[in-house]
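Chain A is the first sequence line, chain B the second, and so forth, proteins listed ahead of strands; every chain is numbered from 1. Every heavy atom of this structure was used, including side-chain atoms; hydrogens, water molecules and symmetry mates were not.
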Amino acid sequence: MSRYRQVILLARREFVQRAKSRTFLVAMGTLVVVVALAGPIILLLQGEEEPIDIGLVGSEPAALESGLHEQAAAFDVEVTVTRLKTVAEAEQALNDESIDVVLVDGSELVWHEDESLRTATIVTGAVAAAEQRVVMEELGLTDEEMIRLVAPTQLTQRTLVAPDPEEEPRQIAAFVGTFILYMSILVFGQFVAMGTVEEKQNRVVEVVLSRVKPAQVLVAKVLGIGALGLAQLLVLAATVTVVISIIEIPNVSLPSLGAEIIGGVIFWFLLGYTLYAFMFATLGATVSRQEDLGSVAFLPSVLVLPGFFITVRAIENPDLLLVRLASFFPPWTPIVMPVRSAVGNAPFWEVALSVVLVLVSIYLLVRIGARVYTGALLRTGGKVKLREAWKATRT
Amino acid sequence: MRQIGTSSALSTCHIHHSAWLPDGPAGYRAHFRGSKRVVGERCYGVSVPGCKDDTRASEATILSIDALEKRYGDVVALAGASFAVAPGRILGFLGPNGAGKTTAMRCILGLVRPDAGEVRWQGRAVTDRDRLRFGYMPEERGLYPKMRVREQLVHFGRLSGLSSSAAGKAADSWLGVLGLAERASDKVDDLSHGNQQRVQLAVALVHDPVVLILDEPFSGLDPLAVVEVAGTLRDLADRGAAIVFSSHQLDLVEDILQDVAIIDHGRVVLSGELEELKTRSSRRRLDVVVDGRPWVPNTHSVEIVDDQGRFHSVVGKDAPVAEILAAATAAGEVDRFAFEPPTLSDLFREAVKR
């Protein structure tokens with residue numbers, strides 16, 4: 001019976017029992033549904049733009065309607081035109097939101113509440129063109145001359161720096177990825193603390209410890225629950241992969257962007273979770289009851305929080321000095337560095353260095369955690385001070 | 001003590017020792033015997049070492065704690081505690097609350113590292129590997145509440161080194177023996193208190209331990225359950241396990257244990273085979289009832305003991321029995337006259353001097 005096999009057995013129990021728990025299954029199901037629904041929602045938002053509904057009341061310049069269609073075409077939208085008998089009727093239609101704007105007597109635009117600059121430009125352009133047409137007819141211009149004069153002007157455009165079509169999808173993906181990463185690290189870290197306290201609270205820990213060493217229990221718990229976290233991320237990743245396969249964004253390869261973000265989330269989850277799980281486990285071992293857990297489990301959550309805020313900033317400005325520095329502080333590295341990699345240009349050596357720093361921190365935490373865990377696990381009733389637990393174990 | 005009848009499982013429990021014998025989780029051949037056990041029978045018909053005639057068991061098979069010391073801050077839990085138990089024997093580890101029983105047991109299991117002294121097994125310091133064949137039932141009972149009964153037994157069996165199939169067989173066997181077969185797929189949480197205790201015992205036994213350590217196994221059990229558990233322990237001992245259990249219910253366990261170790265203030269103050277200790281004792285228990293009332297001889301060499309409202313007296317081994325009987329007869333009609341070796345309680349009181 002090797003120690004290794006015992007750890008695997010314990011880890012397997014953690015994984016299986018928690019995976020079977022209703023709380024986990026419900027949370028997991030909800031997450032998958034939310035992620036799956038994101039696809040159709042994005043598709044809907046992306047869909048064809050609604051035509052602009054314009055109402056006309058009273059007198060109007062000649063050939064206004066065809067002018068409206070021409071102007072709208074320049075903006076790549078469609079318009080519909082409805083003629084209304086009275087201003088009151090038009091206002092009623094505005095209140096019903098069956099039309100977007102009313103043009104009264106070819107001179108006044110009435111909105112419901114929010115003005116739209118684009119719609120105003122389209123209508124103004126059409127009215128101006130119609131009025132110019134009257135003047136031009138008076139001047140006796142030919143149709144061809146008139147069309148040349150009133151045709152909407154279109155400027156060509158160029159940018160000095162080629163716009164990156166991936167920028168926006170990348171930022172959104174990085175944000176979603178960071179959020180999932182942050183939540184996963186905290187949620188599964190909390191599971192480790194809860195599992196530790198549960199075993200102490202229902203006293204099974206002494207039965208377990210008569211067969212294995214505390215350090216084995218510690219490692220197995222982190223492993224088992226980590227495997228569950230990984231499994232959940234893989235299920236989410238599969239859902240995301242299906243979702244992005246039905247969405248298309250011009251000039252963006254969603255599958256490769258998705259794979260990159262998913263890979264980053266999983267890699268940094270493994271590091272970040274391990275770091276925080278040992279922290280949670282160590283703190284969890286010092287209390288004896290679930291009710292007391294809150295008094296210690298908030299510490300890691302508070303520790304990670306500034307990192308999350310910095311991350312949100314980093315999505316827009318990945319090259320800020322603050323962001324760069326934060327990405328080397330091990331408790332924040334797992335959520336700041338992936339964003340720097342995703343939306344910025346973190347050099348390889350910086351990523352590698354931050355990984356090494358996290359690994360060193362994990363090593364130290366395991367050493368401290370195993371000792372505190374050993375000292376605190378059999379102390380039931382009340383809270384054990386970290387120092388006492390440390391001193392209780394002789395090396 | 002729990003009310004009889006609160007456990008729904010009582011109707012199915014096996015009181016008769018013979019009904020308790022499993023076919024053996026690890027292939028032991030069951031051997032049946034009667035439910036009546038003769039206290040004082042020396043060798044209990046077992047061919048393992050441990051009888052007095054073997055001058056205790058040979059060092060090679062014995063479990064012993066040698067001069068264990070353990071302090072928690074200013075509190076001395078163990079101050080050089082020693083005792084030994086041989087395979088096939090049941091040792092009662094007795095002592096007042098806080099005497100160091102639990103700490104000593106945790107040392108045996110490796111849960112607590114003693115400051116000094118050592119636990120020896122088969123002639124050398126015990127290793128973690130040896131401990132995989134030890135079984136333990138802590139005083140603080142605990143199981144995984146959401147895990148199913150059989151699943152839990154298999155888990156702990158495998159954790160102690162059984163293969164998956166061996167653990168499954170052992171679990172099924174113990175579930176049958178303990179009358180829990182129908183509860184195999186229930187969650188522990190859903191079991192009655194009595195059945196949870198049975199599962200707890202099964203967890204300690206599932207890997208067929210050669211050394212069994214039980215901390216207060218009889219506390220909280222109703223009288224029928226006590227008989228059940230005692231029978232199980234006896235059968236395990238007969239199959240060669242060395243068993244140590246702690247208790248503070250001396251009258252309850254007197255017929256269960258063969259050897260005793262009495263611990264007080266972290267030190268074992270009396271140990272040995274119970275019958276031998278009784279015989280060797282310089283004192284005798286004098287229990288006389290005259291005219292329906294406890295009667296105490298009117299001599300200065302008598303120590304009066306109030307055993308929960310029932311008085312008896314303790315006299316020297318060489319007390320003049322005939323004279324005392326004559327005095328009792330003179331005092332009235334003698335309903336009861338007993339001059340006998342001290343009970344476990346007497347020995348205990350004497351050992352801990354209180």
Could you go through residues 22-30 of chain A and list every donor-acceptor pair under 3.5 Å that involves a side-chain atom there, pairing it with any protein atom two or more places apart or in another chain?
unit_1 : atom_1 : unit_2 : atom_2 : d
A:T30  : OG1    : A:V26  : O      : 2.6

Tell me, for A:E198 versus chain B, whether the close heavy atoms (under 4.5 Å) come from the side chain, the backbone, both or neither. neither
With A:Q232 via side chain to side chain donor-acceptor pair (under 3.5 Å) - residues at least two apart: none
If one checks every heavy atom of A:E206 against chain B at 4.5 Å, the contacting part turns out to be both
Where does B:Y72 contact chain A at under 4.5 Å (heavy atoms): side chain, backbone, both or neither? neither
Answer yes if the side chains of B:D215 and B:S246 hold a donor-acceptor pair under 3.5 Å, and no otherwise. yes
Quick one: which of A:V16, A:V212, A:L10 has the most heavy-atom pairs under 4.5 Å with chain B, could you say? A:L10
What is the ring orientation for A:F280 with A:Y276, classed by angle as parallel under 30°, tilted 30 to 60°, or perpendicular over 60°? tilted
